[in-house]
Undergrad: 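This is the structure, below, for whatever I ask next.
Everything quoted here is computed from the prediction, not taken from an experiment. In what follows, residues are counted from 1 in the order of the sequence shown.
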Amino acid sequence: MTKRVFQSIFLCAAVTLILTAVFTTLFQYRATRENLQAQIEEEATYISEAFNALEGDARTTLFSRIGKISQNRITWISADGKVLYDNRVEAGEMDNHLSRPEVSEAAGDGTGESERNSATRKTETLYYALRLSDGSLLRIAAESASLWGVLADSYSPLLLIAAVVLLLAGLIAFVLTRAIVRPFNTLDLKHPLENKTYDELSPLLRRLDKQNQENHEQVRLLTARQEEFDLITSGMQEGLVLFSKDGTVLSANTAARAILSGTTGGSYMQLCREKHYLSVVESALAGKAKTKKMKQGGRVYTLAATPVQSTLNENAAVLFIVDITDSELSEKMRREFSANVSHELKTPLTSILGYAEIIGNGLAGEQDIPKFANRIHKEAARLLTLIEDIIKLSQLDEDELRAEFVLVELSALCQSVLQELAQKAEKASVSLHFFGAAQTVSGFEPSLYEMIYNLCDNAIAYNKPGGSVNVSLEKTPENKIQLTVADTGIGIVEEHLGRVFERFYRVDKSHSKETGGTGLGLSIVKHAALMHDAVLSIESTPQVGTTIRILFKPFKNT
């Protein structure tokens with residue numbers, strides 16, 4: 001009886017041991033194979049993503065770099081089956097691969113996989129192929145032990161286990177072991193509290209559940225912050241670029257990409273090659289903040305790069321790009337305006353002082369005193385006119401006048417201007433004409449009057465004897481109001497048309513001096529038009545005449 005029981009126990013233990021060895025080996029073999037398959041698929045996906053982000057020779061360089069560090073065999077195959085790269089064998093020595101099952105399948109379906117066994121080496125090779133964005137194919141191969149190889153490797157451990165199991169009465173030990181281990185193998189780690197298992201595991205499962213909740217919350221917060229950061233930076237007019245410690249562009253907002261016109265995701269040199277840009281970025285990566293001005297696409301930008309310490313000896317960097325074109329232009333105009341004002345004020349003052357000094361020192365004859373006094377009066381009047389024009393320009397530069405906008409009837413304003421200039425026109429043998437019905441706009445009446453007056457005054461001053469000035473008001477098909485001042489004067493050559501509205505700019509300086517012009521009349525017209533959101537345009541033909549149009553927005557009667 002004892003022998004039979006012993007034999008039964010021994011037989012059961014032996015059978016159990018053999019079955020356990022077989023199933024354990026199968027499980028190990030299957031798990032290893034699935035992990036290896038997942039690994040090569042994941043590696044192929046990463047290489048594909050990197051490949052799609054690159055172009056040209058950079059793609060070949062990518063395979064060369066990855067091939068050196070990968071433990072698997074990497075093969076790059078053209079769409080017609082020609083091997084372009086292989087990290088184990090020279091590509092030129094390899095035959096056409098289009099007939100390979102995994103390559104053929106990937107060429108048709110986008111992905112393909114296969115396996116090949118080596119009976120002599122007791123190994124098998126898993127192949128995974130992936131079609132890339134340009135139609136070429138990527139194949140990754142990984143070698144692992146075959147089922148017989150796994151069994152051979154497990155031979156010695158199995159003998160040891162057999163001895164232990166037999167000593168501990170095989171079946172009892174095996175049954176108990178399976179009963180204890182089974183709950184652990186079936187744990188649902190994503191939902192720990194839903195597991196039905198030993199009470200002793202409850203503290204661990206609660207901790208896992210708490211950890212899962214914390215991880216989910218951290219991921220949610222990080223995602224929200226990233227989305228918020230992307231939203232804020234994408235709406236910025238200023239450019240913002242973040243660089244890693246090795247100079248890789250980590251992030252570049254829409255404005256930065258538009259300004260620098262390069263490619264993101266690679267080295268900072270791929271984003272832009274401009275020397276000032278390279279200078280500030282390299283300085284920041286070296287640990288020193290730097291600011292430079294850069295001209296790009298006809299605009300002027302300030303580049304401010306700041307280092308961000310990432311490790312003890314290396315620095316990341318942040319680059320901030322601000323468009324300062326308008327401020328640079330304003331500063332240039334301010335300097336030019338100051339210089340012109342100084343010059344224009346100095347000229348009449350010099351004349352006044354000169355004539356006054358001659359009279360004061362008794363050097364002028366009695367018959368010359370009236371003539372000198374007249375010149376002093378004329379220069380003083382010119383000086384006063386200049387100062388008044390400067391004050392008008394200063395007022396037009398201030399937005400406060402918009403608060404004083406009222407409804408202005410333009411036809412009455414035009415006729416009032418023409419009436420005031422009638423005597424000057426008659427003296428210059430120029431006829432004045434007005435055409436058009438009543439038109440109303442919203443605006444600052446003194447500025448509108450000054451604008452019309454300057455246009456008509458210029459049209460008379462630069463006209464020819466027997467010429468005419470035609471002022472007209474009309475509505476356009478878009479319901480806008482157009483004021484036109486056309487003359488039959490000496491006209492303006494094309495090269496000057498783009499500058500006639502600049503402050504102190506004169507086309508004919510000698511003629512301007514004769515007419516007493518300050519060079520600010522058309523500049524006042526331009527600023528008045530801007531203040532009223534009107535569009536100013538000019539056409540001119542030398543010796544034929546000049547036409548200036550001002551297009552006002554339609555007045556909405558609320």
Side-chain angles (χ1 to χ4, degrees), residues 344 347-348 351-352 355 367-393 410-436 445-473 483-493 496 500-501 504-526 528 538-550:
E344 294 292 337
T347 302
S351 298
I352 292 171
Y355 290 128
Q367 69 279 7
D368 293 327
I369 290 178
K371 182 174 66 174
F372 287 171
N374 182 54
R375 290 185 178 177
I376 291 173
H377 179 269
K378 184 177 179 181
E379 294 295 337
R382 179 184 171 195
L383 184 62
L384 182 61
T385 302
L386 178 62
I387 293 172
E388 288 175 347
D389 284 349
I390 293 171
I391 292 172
K392 290 171 187 174
L393 274 176
L410 285 181
S411 62
L413 213 60
C414 291
Q415 293 178 54
S416 176
V417 168
L418 294 180
Q419 186 176 355
E420 184 173 344
L421 292 171
Q423 187 176 354
K424 179 176 181 178
E426 184 179 355
K427 189 180 293 185
S429 299
V430 175
S431 59
L432 304 178
H433 307 280
F434 175 74
F435 307 94
E445 185 170 352
S447 294
L448 292 172
Y449 184 90
E450 192 68 32
M451 178 170 60
I452 300 170
Y453 183 94
N454 284 343
L455 289 176
C456 295
D457 186 53
N458 268 19
I460 295 170
Y462 293 92
N463 218 310
K464 294 179 286 190
S468 63
V469 175
N470 297 320
V471 180
S472 62
L473 278 174
L483 168 66
T484 305
V485 178
D487 65 58
T488 58
I490 60 176
I492 305 169
V493 295
H496 294 292
V500 293
F501 294 103
F504 296 110
Y505 187 80
R506 295 185 179 93
V507 176
D508 186 348
K509 296 183 179 180
S510 60
H511 191 83
S512 297
K513 190 172 182 180
E514 291 173 7
T515 59
T518 63
L520 294 174
L522 289 182
S523 183
I524 292 174
V525 171
K526 173 187 173 183
I538 182 171
E539 298 174 4
S540 186
T541 303
Q543 303 308 318
V544 175
T546 301
T547 300
I548 296 179
R549 295 183 178 88
I550 301 177

Undergrad: Show the nearest heavy-atom pair for residues Ala461 and Lys424, with the distance to one decimal.
TA: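 Minimum heavy-atom contact is CB-NZ, 4.4 Å.
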Undergrad: Does the side chain of Ile538 come within less than 4.5 Å of Ile492's, by heavy atoms?
TA: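 Yes; the side chains approach each other to less than 4.5 Å.
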Undergrad: First locate atom CD1 of Ile460, then atom OG of Ser429, and finally report the distance between them rounded to the nearest 0.5 Å.
TA: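 If we round to the nearest 0.5 Å, Ile460:CD1 and Ser429:OG are 11.5 Å apart.
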Undergrad: Measure the spacing between OG of Ser431 and CG of Asn470 and express it to the nearest 0.5 Å.
TA: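 CG of Asn470 is found 7.0 Å from OG of Ser431.
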Undergrad: Enter the distance from Glu445:CD to Leu410:CG here, rounded to the nearest 0.5 Å.
TA: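 Answer for the CD-CG pair, Glu445 versus Leu410, is 9.5 Å.
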Undergrad: Distance from Ile452 atom CD1 to Leu473 atom CG, nearest 0.5 Å?
TA: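 It is 7.0 Å, given to the nearest 0.5 Å.
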Undergrad: Say you draw a straight line from CG of Leu418 to OH of Tyr453; how long is it, rounded to the nearest 0.5 Å?
TA: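 Spacing of CG (Leu418) from OH (Tyr453) equals 11.5 Å.
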Undergrad: Measuring only between side-chain heavy atoms, which start at C-beta, is Leu432 closer than 4.5 Å to Val471?
TA: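 A side-chain contact under 4.5 Å is absent here.
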Undergrad: I'd like to check the side-chain hydrogen bond (donor to acceptor under 3.5 Å, both in side chains) partners of Gln419; sequence neighbours left out, ordered by chain and number.
TA: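 Once residues adjacent in sequence are excluded, Gln419 has no partner under the side-chain hydrogen bond (donor to acceptor under 3.5 Å, both in side chains) criterion.
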Undergrad: Roughly how far, to the nearest 0.5 Å, is CD of Glu539 from CZ of Arg549?
TA: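 Answer rounded to 0.5 Å: 4.5 Å.
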Undergrad: Using atom types as modelled and distance alone, determine if a side-chain donor or acceptor of Thr488 lies under 3.5 Å from a backbone N or O of Ser468.
TA: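 Side chain of Thr488 to backbone of Ser468: a pair is present.
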Undergrad: Considering non-hydrogen atoms only, spot the tightest contact between Met451 and Ile550 and give its length.
TA: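 Closest approach of Met451 to Ile550: SD-CD1, 3.4 Å.
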